[in-house]
2 protein chains.
Amino acid sequence: MRRLKNPVTYCLPKIRFFHHFISIPINKNYLKMAQPSKDPTTDFADSSSSTKANNDATTTPQKNAFTELMKPKPPSPPKKDHSQRSTHTKTENAVLIKDLYPKATVHLLLLPRSPTHNLLHPHDAFADPQFLSMIREEASSAAKLAAAELSRIIGPFSKSNKARDEAMDLGQIPYDKLPPGRDYLKEIKVGIHAHPSMDHLHVHIISRDMRSEKLKGRNHYQSFCTPFFIELEHYPLDENDQRRSSRYHNGNLRKDFVCWRCGKEFGNKFSVLKKHLEEEFEEWKNE
Amino acid sequence: MRRLKNPVTYCLPKIRFFHHFISIPINKNYLKMAQPSKDPTTDFADSSSSTKANNDATTTPQKNAFTELMKPKPPSPPKKDHSQRSTHTKTENAVLIKDLYPKATVHLLLLPRSPTHNLLHPHDAFADPQFLSMIREEASSAAKLAAAELSRIIGPFSKSNKARDEAMDLGQIPYDKLPPGRDYLKEIKVGIHAHPSMDHLHVHIISRDMRSEKLKGRNHYQSFCTPFFIELEHYPLDENDQRRSSRYHNGNLRKDFVCWRCGKEFGNKFSVLKKHLEEEFEEWKNE
DNA sequence: TATTCCGATAGTGAC
DNA sequence: GTCACTATCGGAATGAG
Ligand SMILES: [Zn+2]
Ligand SMILES: [Zn+2]
């Protein structure tokens with residue numbers, strides 16, 4: 001059973017999502033689990049507001065909503081209303097947040113709470129069938145949220161949706177004979193990075209487009225668009241799966257760029273790829 | 001007998017020292033050699049003034065002093081008076097100019113005229129004993145000029161010189177018993193680069209210090225401070241000399257940086273090396 | 001493969 | 001290894017209670 005590099009730096013006594021400024025109590029929290037959890041916060045906020053809070057002039061001691069965010073919750077309210085303010089949800093088993101540096105139009109992170117799995121490499125964490133099953137359910141819900149968010153953003157451009165709307169406006173056509181609207185769930189990928197940089201287990205829920213200001217480097221793209229990205233559905237990995245090999249994944253990151261949509265190659269020309277992704281987005285959103 | 005890469009690009013009908021803006025007629029010139037050379041210019045100018053000329057607003061056809069610079073001269077005035085305006089000299093066999101991008105306090109280039117050797121790789125050109133002998137003489141004169149120039153610049157800081165001057169001021173001490181002044185010729189290196197970037201044969205005459213604004217990249221330093229720099233005295237190379245190997249020289253350029261004066265290593269930290277060279281210069285000039 | 005900053009490295013075009 | 005421009009690549013530091 002592997003452990004991630006530098007666990008001390010990253011994991012004790014807390015795990016930090018750098019630049020997300022979310023603290024996720026693990027060990028202390030683990031001790032508290034037997035005790036009644038006190039003052040469970042019900043606030044919603046996205047991860048970036050932590051940064052804003054830090055910039056506030058108020059120096060009075062104030063609760064950091066994110067320090068509390070990951071506390072195990074009593075099973076009472078299994079889901080949270082995710083209003084217009086935030087797509088985040090908290091369940092008994094996991095927290096869902098927006099990636100503060102989204103690498104595509106929609107990019108969420110699913111963070112399991114389980115302190116016995118949080119610090120494991122995904123291969124090992126997902127080797128536990130019960131845990132895997134639980135995460136799959138959470139991820140499935142998360143993917144639906146992501147699809148809804150994607151639909152909200154690019155739905156108005158969709159030719160499929162437009163055809164359906166027009167047919168619907170005509171009336172006369174039975175509901176199950178209408179042309180189907182676009183299925184945005186198909187545009188959502190769910191999986192993990194073979195070599196996560198952050199020790200805390202995190203599942204990416206991300207739209208395919210890879211169009212984002214925050215997409216700044218080679219690995220940003222390659223880590224989502226090569227086998228370096230391992231879909232949650234592929235777990236548990238076979239003992240002999242080559243995706244267990246570090247060498248293999250270093251190779252993936254170093255491959256030439258290939259457009260996820262049309263297959264065009266871009267060598268190592270990241271900025272050319274990025275321009276191309278912008279063009280692809282313009283077509284993709286219209287599908 | 002090797003030829004340099006891209007001879008067409010660089011050599012025909014002229015050789016250009018890029019950014020020196022010196023055109024060195026070779027082929028046409030070769031044809032003209034039998035004819036009386038017309039209008040031999042007697043101007044002095046350093047190579048940078050060509051740039052200035054190009055920036056002039058005058059668009060009237062004007063002579064480029066450097067287009068004419070390399071024409072073979074009748075053996076009449078074998079040496080030129082090198083006044084304060086310029087250290088350049090022109091002889092029957094070669095032209096001496098300041099490097100427009102000096103990589104050390106003093107940095108001259110010796111450019112042979114011989115059109116039968118100009119385009120050869122140094123290894124091959126210097127395999128001709130007569131040519132080598134001629135270049136050695138020219139280079140020897142050039143090195144003395146460089147030493148004089150170096151003395152002019154850093155001589156005032158020299159402790160050796162100061163000791164000599166003070167002894168001299170005392171009188172009483174016989175001339176041959178005075179402490180010796182600093183020998184600046186020892187601080188001048190004469191040689192070529194194993195893989196010259198410019199096809200036209202050029203011999204570097206350069207002070208050891210490598211202190212210069214224009215020293216901007218790894219290879220600027222390594223090409224003078226590793227065996228990539230081949231001293232003219234080492235020619236002709238033995239058939240089996242490893243310095244004939246391209247692989248060997250690529251290795252030289254990729255080596256870690258080593259201070260030429262104290263031997264300290266700098267890995268690939270060019271900017272750290274550069275700071276250090278500045279400090280070394282302060283001590284070196286005082287020797 | 002968290003980001004950001006800085007600097008080293010690599011490819012190109014120059015006329 | 002000519003220069004200069006651009007962009008890619010590479011290591012190191014990164015909150016503070
Ligand atoms: Zn494409
Ligand atoms: Zn030193």
Side-chain angles (χ1 to χ4, degrees), chain A residues 4-6 9-10 13-23 47 50-51 54 61 64 67 99-103 109 121-122 192-200 202 204 214 216-224 226 228-230 246 249-250 252-254 257 266-274, chain B residues 4-6 9-10 12-23 47 51 54 99-101 103 109 121-122 192-200 202 204 214 216-224 226 228-230 246 249-250 252-254 257 266-274:
Chain A
L4 290 160
K5 60 199 168 181
N6 301 329
T9 302
Y10 291 125
K14 298 178 176 183
I15 296 227
R16 293 203 175 86
F17 278 67
F18 291 115
H19 296 273
H20 275 261
F21 292 101
I22 294 175
S23 296
S47 52
S50 169
T51 306
N54 285 342
N64 182 336
T67 308
D99 192 302
L100 186 51
Y101 299 89
K103 305 307 186 298
L109 293 178
H121 188 283
I192 57 85
H193 286 155
H195 295 162
S197 274
M198 295 182 296
D199 284 350
H200 191 100
H202 53 291
H204 293 273
K214 297 300 189 347
K216 289 178 177 172
R218 125 172 250 111
N219 290 349
H220 286 165
Y221 185 81
Q222 301 292 65
S223 66
F224 288 102
T226 71
F228 189 95
F229 187 83
I230 307 180
S246 277
H249 286 302
N250 284 333
N252 279 322
L253 295 177
R254 292 174 188 289
F257 293 122
F266 290 87
N268 68 341
K269 306 300 183 193
F270 179 76
S271 57
V272 182
L273 168 68
K274 233 178 111 64
Chain B
L4 291 160
K5 59 200 168 182
N6 300 328
T9 303
Y10 290 126
L12 299 173
K14 297 178 175 183
I15 296 225
R16 291 204 174 84
F17 278 66
F18 292 114
H19 296 274
H20 276 261
F21 293 102
I22 295 175
S23 296
S47 50
T51 306
N54 285 339
D99 193 301
L100 184 53
Y101 299 88
K103 305 308 185 298
L109 293 177
H121 188 283
I192 56 85
H193 286 155
H195 295 162
S197 274
M198 296 182 296
D199 285 349
H200 191 100
H202 54 290
H204 292 274
K214 298 300 189 348
K216 290 178 177 172
R218 150 179 294 276
N219 291 349
H220 286 165
Y221 185 82
Q222 301 293 62
S223 66
F224 288 102
T226 71
F228 190 96
F229 187 82
I230 307 179
S246 277
H249 286 303
N250 284 333
N252 279 321
L253 295 177
R254 293 175 188 288
F257 292 122
F266 291 87
N268 67 341
K269 307 299 183 192
F270 178 75
S271 57
V272 181
L273 168 68
K274 231 177 113 62

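Owing to the predicted nature of the structure, the values given are computational and were not obtained by experimental measurement. Chain A is the first sequence line, chain B the second, and so forth, proteins listed ahead of strands; every chain is numbered from 1.
With contacts defined as side-chain heavy-atom distances shorter than 4.5 Å, the pair B/His121/B/Pro196 qualifies. Contact annotation: the side chain of B/Phe229 approaches that of B/His204 to within less than 4.5 Å [non-hydrogen atoms, C-beta and beyond]. The shortest side-chain heavy-atom distance between A/Tyr221 and A/Lys103 does not fall under the 4.5 Å cut-off.
Side chain of B/Arg218 to backbone of B/Phe270: no donor-acceptor contact under 3.5 angstrom is found. Under the 3.5 Å distance criterion, the side-chain polar atoms of B/His249 are left unmatched by any main-chain donor or acceptor of B/Ser246.
Separating the CZ atom of A/Arg218 from the C1' atom of C/dA10 is a distance of 13 Å, rounded to the nearest angstrom. Between the CG atom of B/Leu273 and the P atom of C/dA8 there is a distance of 10 Å, rounded to whole Å. When rounded to the nearest whole Å, the span between OH of A/Tyr101 and P of C/dT4 equals 5 Å. Summarising the geometry, the separation between NZ on A/Lys216 and P on C/dC6 is reported as 14 Å, rounded to the nearest angstrom. In this entry the distance linking CG of A/Leu100 with P of D/dG15 reads 15 Å, nearest Å. In this structure, CG of B/Leu253 is placed 13 Å from C1' of C/dT9, rounded to the nearest angstrom. Rounded to an integer number of Å, the gap from A/Phe270 CZ to C/dT9 P is 22 Å.
Heavy-atom nearest nucleotides on DNA chain D were determined for A/Arg254 and for B/Tyr221, and the one closer to the 5' end corresponds to B/Tyr221.
Within 4.0 Å (heavy atoms only), A/His220 reaches sugar-phosphate atoms of the nucleic acid but no base atom. When heavy atoms are screened at a 4.0 angstrom cut-off, A/Lys274 is found touching no nucleic acid atom at all. Within the 4.0 angstrom heavy-atom criterion, only backbone atoms of the sugar-phosphate kind lie near A/Lys269; the bases stay farther away.
Checking C/dC15 for Watson-Crick or G-U wobble geometry (two distances, each under 3.5 Å) identifies no partner in any strand.
For the P atom pair drawn from D/dG15 and C/dC5, the interatomic distance equals 11 Å after rounding to whole Å. Nucleotides C/dC15 and D/dC5, compared at atom P, are 13 Å apart to the nearest Å.
Listed pair A/Ser271 / D/dT8 meets the phosphate criterion, a side-chain N or O lying under 4.0 Å from OP1 or OP2. Put simply, B/Asn268 has a side-chain N or O that comes within less than 4.0 Å of OP1 or OP2 on C/dT9.
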